[in-house]
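Both counts, for ligands and for their atoms, begin at 1 and track the order of listing.
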Amino acid sequence: MKTRKLVMIPGPTPVVRAIQDEMARETVAFGDPGFVKDYRELLVDMKELWGTTGEVFVIAGTGTLSMEMALSNSLKSGDSILIVSHGFFGNRFVELCEKRGLDADIIESEWGKAVPVEEIEEQLKKKKYDAVTVTHVDTSTGVSAPIKEIGEVLKKYEDTLFIVDGVCSTAGQKEYIDEMGIDVLITGSQKAFGVAPGLAILWAGEKALARRKALGTISEYYVDYERWIPIMNDPSKYFATPAVNMIWAMKESVNIIKEEGLENRFERHIKNGRAMQTALEGLGFTLLADEDVRAVTLSNVLYMDGIDDAEFRSVLAEEGVVVAGGLGDYAGKMFRLGHMGNIDVHDMVSTIAAIERTLHRVGAEVELGKGVGILMGELLK
Ligand SMILES: Cc1ncc(COP(=O)(O)O)c(C=O)c1O
């Protein structure tokens with residue numbers, strides 16, 4: 001008999017039945033009064049939960065579309081931008097900015113480390129920037145940027161927008177928009193929200209909305225805030241067809257978050273993330289990200305000597321857990337394990353147990369039950 005496969009990659013994450021049920025509902029007209037009400041309530045909740053008096057946009061797309069949306073509505077060709085990169089997804093901003101003809105400077109850390117906040121501040125003193133981008137959690141390295149501290153620094157720079165990529169953090173790690181000085185927060189549906197891929201999500205605070213107004217006409221059509229604002233304020237209006245079932249799925253995700261409490265959800269992610277990381281280290285793995293900047297939404301796990309990545313991941317899949325491979329220089333040397341969204345204690349225990357069985361099957365030295373014991377001990381603290 002085949003073992004069920006738990007999808008423990010860093011997105012898409014497991015989708016719980018209640019959310020799947022929303023995606024399986026009979027699709028209605030986007031003007032259906034029941035749907036309009038649901039969409040409206042979702043948008044109100046999302047603004048309230050993440051704390052902004054600005055706007056939230058929930059539209060069909062992915063995280064990359066949100067990245068483009070953020071840049072298109074914040075900067076015109078020739079404007080200056082500082083990109084703080086902790087890996088592959090930070091570098092994606094470099095490509096996007098080059099394509100847009102922006103004057104982009106990049107401060108990059110060694111993979112696994114974070115750029116010190118002081119270095120960002122030094123750079124801001126040297127040159128005026130129209131925007132700064134920071135990836136909260138870079139999925140390629142598992143590094144979590146100190147968003148609150150960077151936000152504090154940026155509060156001193158009135159003309160600089162703080163754009164945060166929350167694709168691998170939002171709804172799993174702490175982000176409050178206005179309070180933390182974030183001007184634009186972007187994300188997608190498929191990671192810590194525990195919804196299938198398909199939605200681009202973006203919050204824009206008051207300063208970001210004022211910047212959009214100051215830009216006048218922009219060349220983009222689909223991602224223009226100005227075209228979506230009337231719809232986000234009154235979802236009975238039409239601009240481009242909303243992804244009806246995905247909006248329902250997202251609404252269910254937000255209902256689950258409200259029931260759990262956003263703060264409790266952040267705490268759960270810390271507890272689960274740290275427990276999993278302690279268990280992995282107990283089994284002899286090392287983690288790429290330095291401890292003081294380590295994300296809790298995923299783990300970037302370096303193999304011990306003698307383990308073949310392809311074999312390990314394929315045996316692990318047979319044992320019931322799918323993980324992702326390493327990116328860049330870490331391809332073949334690392335696996336990436338997501339532990340965010342609506343995963344529960346069963347998923348966590350099953351995952352570490354499958355990792356132990358896999359180590360045993362690939363001939364690595366392993367004391368069966370050790371990782372499970374550590375994990376459960378940490379979770380019960
Ligand atoms: C941090 C981060 N930013 C951006 C993206 C791009 O998002 P998407 O693949 O949904 O376009 C990802 C995808 O994994 C990501 O992890």
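In terms of protein heavy-atom proximity, atom 14 (O) of ligand 1 is nearest to Lys191 NZ, 2.8 Å. Distance from atom 12 (C) of ligand 1 to its nearest protein heavy atom, with residue and atom name: Phe89 CE2, 3.3 Å. The protein heavy-atom contact nearest to atom 16 (O) of ligand 1 is Thr139 OG1, 2.3 Å.
For Lys213, the NZ atom is loosely surrounded, since the number of other residues' heavy atoms within 6.0 Å does not exceed 12.
In this structure, Val137 is part of the shell of residues with a heavy atom less than 4.0 angstrom from ligand 1. Put simply, part of Asp165 is less than 4.0 Å from ligand 1, judged by heavy atoms. Ligand 1 has at least one atom lying under 4.0 Å from a heavy atom of Arg92.
Here Leu287 contributes atom CG and Thr141 contributes atom OG1; the two are 12.0 Å apart, rounded to the nearest 0.5 Å.
Residue contact check: Thr135 has heavy atoms under 4.0 Å from atoms 1 (C) of ligand 1. The Thr64 neighbourhood of ligand 1 comprises atoms 6 (C), 7 (O), 8 (P), 11 (O), with distances under 4.0 Å to a heavy atom of that residue.
Ring-plane geometry between Phe239 and Trp228 is classed as perpendicular, the angle between the planes exceeding 60 degrees on a 0 to 90 degree scale with a lower cut at 30.
Asp234 has a carboxylate O that lies under 4.0 Å from a charged side-chain N of Arg40, or vice versa, which qualifies the two as a salt bridge.
Taking all heavy atoms of Gly61, Gly338, Gly63 into account, the minimum distance to atom 7 (O) of ligand 1 is reached by Gly63.
With hydrophobic clusters built from ILVMFWY side chains whose heavy atoms lie under 4.5 angstrom apart, Leu185 shares a cluster with Phe193.
In this structure, the side chain of Trp203 does not engage the main chain of Ile182 through any donor-acceptor pair within 3.5 Å.
Using a 3.5 Å distance cut-off with no hydrogens or angles, the side chains of Gln173 and His269 do not pair a donor with an acceptor.
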